[in-house]
Protein chains: 2
Amino acid sequence: MSLSFDPQLDLQTIRIVRAIADAGTITGAARLLGYSQPAVSQHVQRAEARLNLPLVTRVGRSVRLTEAGTVLARHALTIASALEAASGDLADLAGLRTGTVRLAAFPTASSTIVPRLLAAMAVEHPGVRVNYVEAQPPEAVAMLREGSIDLAITFSYPGDRSDPHVDSANGLGSETLFTEDTVVVLPTGHPLADQHVVDLAGLSDERWIAGCPRCRGHLLAVCELAGFAPAIAFETDNAIAVINMVASGLGVAMLPRLALVAAAVPPGAVIRSHTPASARSIHLIANEGARRVPSLAATSRVLHGLDGNDWGLVAV
Amino acid sequence: MSLSFDPQLDLQTIRIVRAIADAGTITGAARLLGYSQPAVSQHVQRAEARLNLPLVTRVGRSVRLTEAGTVLARHALTIASALEAASGDLADLAGLRTGTVRLAAFPTASSTIVPRLLAAMAVEHPGVRVNYVEAQPPEAVAMLREGSIDLAITFSYPGDRSDPHVDSANGLGSETLFTEDTVVVLPTGHPLADQHVVDLAGLSDERWIAGCPRCRGHLLAVCELAGFAPAIAFETDNAIAVINMVASGLGVAMLPRLALVAAAVPPGAVIRSHTPASARSIHLIANEGARRVPSLAATSRVLHGLDGNDWGLVAV
DNA sequence: GAGCGACATAACTCGATGTTATTGGTTCCA
DNA sequence: TGGAACCAATAACATCGAGTTATGTCGCTC
């Protein structure tokens, strides 16, 4: 496909020839186009010199198109409609009548935030298609970097080494969507289970069930604040499994509130706040410049508009 | 038909986006287009600012098209082909593979010069169509002025008030194609019919048959040179009628040689040169600038190449 | 971590493409 | 026939788009 744009033909020439055909005079064409009369006159002369073909001839005190001119004028409509198709498609993108968003989010979001987002998008921007893949924050950021997704919903703990704000230096931008606190999960019969807020120090001798690697890191940090190093007996990033392991008496655990939303808490386990408290924040990460892509900006707006109160999320 | 060219979309942007799609990098696109790398980089930025839509996003140390960019790239082919259709038509005109010439000529030429021209054009430029209308020189010039024809073949006598050279001041251009002398037509039995060159003074007492108004004017001028004022008994611009009137003894006449070509000279008339001699010249008149219109220039060339010797015409 | 490859930025040049003011030619009308 | 109105062409000028080279910054790779 050689796709050669004739450098001698430019849109302005076609526009002007067309206007002359419509108006019948150069002055009239200038009025149609919003130019001064000499502008059109000179442009025609330049075009004729480029093409080495007269486009108009003077007749009386007016002007008329030559054969070459009428040929150009005839083509103007075709060319204009090809351009209009292109600019119409761009306008559709700009006007959110179409567009595709490729989104990744961490597993817990898949069953909570993402469904809500998709539903809201379907209502507010029915023309925008959202493709979703599940990915842990580090993988999601990698996908963003390689361009295979447009938006990533991630989480981070304060002081996290892979805090999204670190990424912002590198062409990515992040916004915090929500914050939530973490809770401890205790077996129903645990001595501290009747306290409303559990002091972590009282759990220093328990066996702990840790979550994903970054959650485990956070657990270690919080326990260090409380003055002990937790003994980690199991690791799984499946929150439902964690709760059920606790209910089975295999240990205690710390989870973000959001993890509880999609998991039914079985009779054998109870959920308690703890002290020192700790929080997790949920972010939206995108390429720098995504703010200017309408479909991505719209998705961001909709995400910010979601209400997570009923899940213990605090909008930022 | 509103035919609105989106002023935000220009060919260069489409060309460049297309090149980026093909090359995958901005540097590569610049190479494809023969530009420097910053040229492409900056053009993309300007285009994005105009459209208020990102067209590319950086990914790693390279770049990839956004959705908007891919939309533009997809349209590039359509637009290029519409333009190529137009520039192809122009090239056809420039290359004489097509074109239309609107020609007028005086009556005598209709049966002599014009058929020869049409035949030659059909051979040398088969793509060029010639539309022909017959018109006396003044009318032909008027049609030229109002743009309803492109070329006019006219004649003039020396000193003619409507000599085509007078017109050249007014946006028209003329070239002399041929010159020819005029002859007298005498009845076969006329006393001077046996002379090879007839002295007009000897015809001062004849009754004259005049041709078209301008020919009549010329007759008066030549006879005045010969020292008399001719008695004009009839007027007709039909040369064949003139010859036959002479053959019938109604008078004598003066005709340009070309008028004899298409008319069989009946037994009752003879053709003689005369003294003082007089000449008529045959011109091609066109709008200033016709020289640059290929089809008209080609017609002019072919006309100049015609051989009129066998008709008594002298090429100029 | 050094080097290379690729894009961004800065500073500058130049020409295309406008502008206004004016001239020249045509038409029309008193 | 002379003048007013109209239209296009020309001249002189301003400006901005669109290139250029030189240089900076970032990311990948060895």
Side-chain angles (χ1 to χ4, degrees), chain A residues 7-16 19-20 23-50 54-66 69 141-142 144-147 166-172 287-289, chain B residues 7-16 19-20 23-50 54-66 69 141-142 144-147 166-172 287-289:
Chain A
Q8 295 183 319
L9 260 193
D10 62 317
L11 293 186
Q12 191 68 342
T13 299
I14 294 176
R15 234 163 79 87
I16 286 180
I20 294 175
T25 71
I26 288 196
T27 301
R31 257 196 300 273
L32 282 182
L33 298 170
Y35 290 144
S36 64
Q37 170 262 316
V40 175
S41 192
Q42 294 176 88
H43 190 106
V44 169
Q45 291 176 51
R46 283 193 301 269
E48 288 177 334
R50 269 203 304 275
L55 297 174
V56 306
T57 63
R58 296 221 34 174
V59 30
R61 70 179 172 189
S62 182
V63 94
R64 66 174 275 148
L65 291 179
T66 63
V141 169
L144 212 46
R145 289 196 179 289
E146 77 186 21
V166 171
D167 296 313
S168 26
N170 307 337
L172 297 184
N287 264 299
E288 206 60 85
Chain B
Q8 296 183 320
L9 260 192
D10 61 317
L11 292 186
Q12 190 67 338
T13 298
I14 293 176
R15 235 163 78 85
I16 285 181
I20 293 175
T25 71
I26 289 193
T27 301
R31 258 196 300 274
L32 281 183
L33 298 170
Y35 291 144
S36 64
Q37 170 263 316
V40 176
S41 193
Q42 293 176 91
H43 189 105
V44 169
Q45 291 175 49
R46 283 192 300 268
E48 288 177 335
R50 270 202 303 275
L55 297 174
V56 307
T57 63
R58 297 221 31 177
V59 30
R61 69 180 172 188
S62 181
V63 95
R64 67 174 277 148
L65 292 179
T66 64
V141 169
L144 212 46
R145 289 196 179 288
E146 75 185 23
V166 171
D167 295 314
S168 25
N170 307 338
L172 296 183
N287 264 300
E288 205 60 84

> If I take atom CG in residue Leu55(B) and atom P in nucleotide dC7(C), what distance separates them, rounded to the nearest angstrom?
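Rounded to whole Å, this separation is 15 Å.
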> Are side-chain heavy atoms of Asp10(B) and His43(B) found at a separation under 4.5 Å?
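Contact flag for Asp10(B)/His43(B) side chains = yes.
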> Is the distance from OP1 or OP2 of dT20(D) to the nearest side-chain N or O of Ser36(B) less than 4.0 Å?
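Result: yes.
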> What nucleic acid atoms does Gln42(B) come within less than 4.0 Å of, heavy atoms only: base, sugar-phosphate, or nothing?
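Contact class for Gln42(B): base.
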> Classify the nucleic acid contact of Gln12(A) as base, sugar-phosphate or nothing, counting any heavy atom under 4.0 Å across all strands shown.
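It contacts sugar-phosphate atoms only.
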> In this structure, how many angstroms lie between the C1' atom of dC7(D) and the CZ atom of Arg58(A), rounded?
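Going from Arg58(A) (CZ) to dC7(D) (C1'), I get 6 Å.
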> Evaluate the side-chain proximity of Thr25(A) to Gln37(A): yes if any heavy-atom separation is below 4.5 Å, no if none is.
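No - every pair of side-chain heavy atoms lies 4.5 Å or more apart.
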> For Arg64(A) and Gly147(B), indicate whether the former's side chain and the latter's backbone hold a donor-acceptor pair under 3.5 Å.
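Such a contact is found between Arg64(A) side chain and Gly147(B) backbone.
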> Can you tell me how far C1' of dC7(D) sits from CZ of Arg31(A), to the nearest Å?
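These atoms are roughly 10 Å apart.
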> Provide, to the nearest angstrom, the distance between the CZ atom belonging to Arg15(B) and the P atom belonging to dA18(D).
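After rounding, the gap between these two atoms is 12 Å.
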> Just compare dA21(C), dT20(D), dA18(D) and give me whichever is closest to any side-chain atom of Ala39(B).
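For the Ala39(B) side chain, the nearest candidate turns out to be dT20(D).
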> DNA chain C: Val63(B) or Arg50(A), which has the more 5' nearest nucleotide?
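With Val63(B) and Arg50(A) compared, the 5'-side residue is Val63(B).
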> Under 4.5 Å between any side-chain heavy atoms of Glu48(A) and Val56(A), yes or no?
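They are in side-chain contact.
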> Counting just side-chain N and O atoms, does Thr27(A) come under 4.0 Å of either OP1 or OP2 of dC7(D)?
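Checking Thr27(A) against dC7(D): no side-chain N or O falls below 4.0 Å of OP1 or OP2.
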> Calculate the interatomic distance between His43(B) atom NE2 and dC7(C) atom C1'; express it in whole Å.
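It is 17 Å, rounded to the nearest whole Å.
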> What's Thr25(B) touching, base or sugar-phosphate or nothing? Going by heavy atoms closer than 4.0 Å.
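Sugar-phosphate only.
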> Check this one for me: any side-chain N or O of Ser41(A) less than 4.0 Å away from OP1 or OP2 of dA9(D)?
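Checking dA9(D) against Ser41(A), a side-chain N or O does come within under 4.0 Å of OP1 or OP2.
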> Tell me: CD of Gln37(A) to P of dT10(D), nearest whole Å?
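In whole Å, dT10(D) P lies 11 Å from Gln37(A) CD.
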> Distance-only, no hydrogens or angles: does the Arg58(A) side chain make a donor-acceptor pair with backbone N or O of Gly60(A) under 3.5 Å?
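Between the backbone of Gly60(A) and the side chain of Arg58(A) there is a qualifying donor-acceptor contact (under 3.5 Å).
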> Take atom CZ of Arg61(B) and atom P of dA6(C), then tell me their distance rounded to the nearest Å.
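Value for this atom pair: 6 Å.
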> Between Gln45(A) (CD) and dA8(D) (C1'), how many Å, whole number?
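Answer to the nearest Å: 9 Å.
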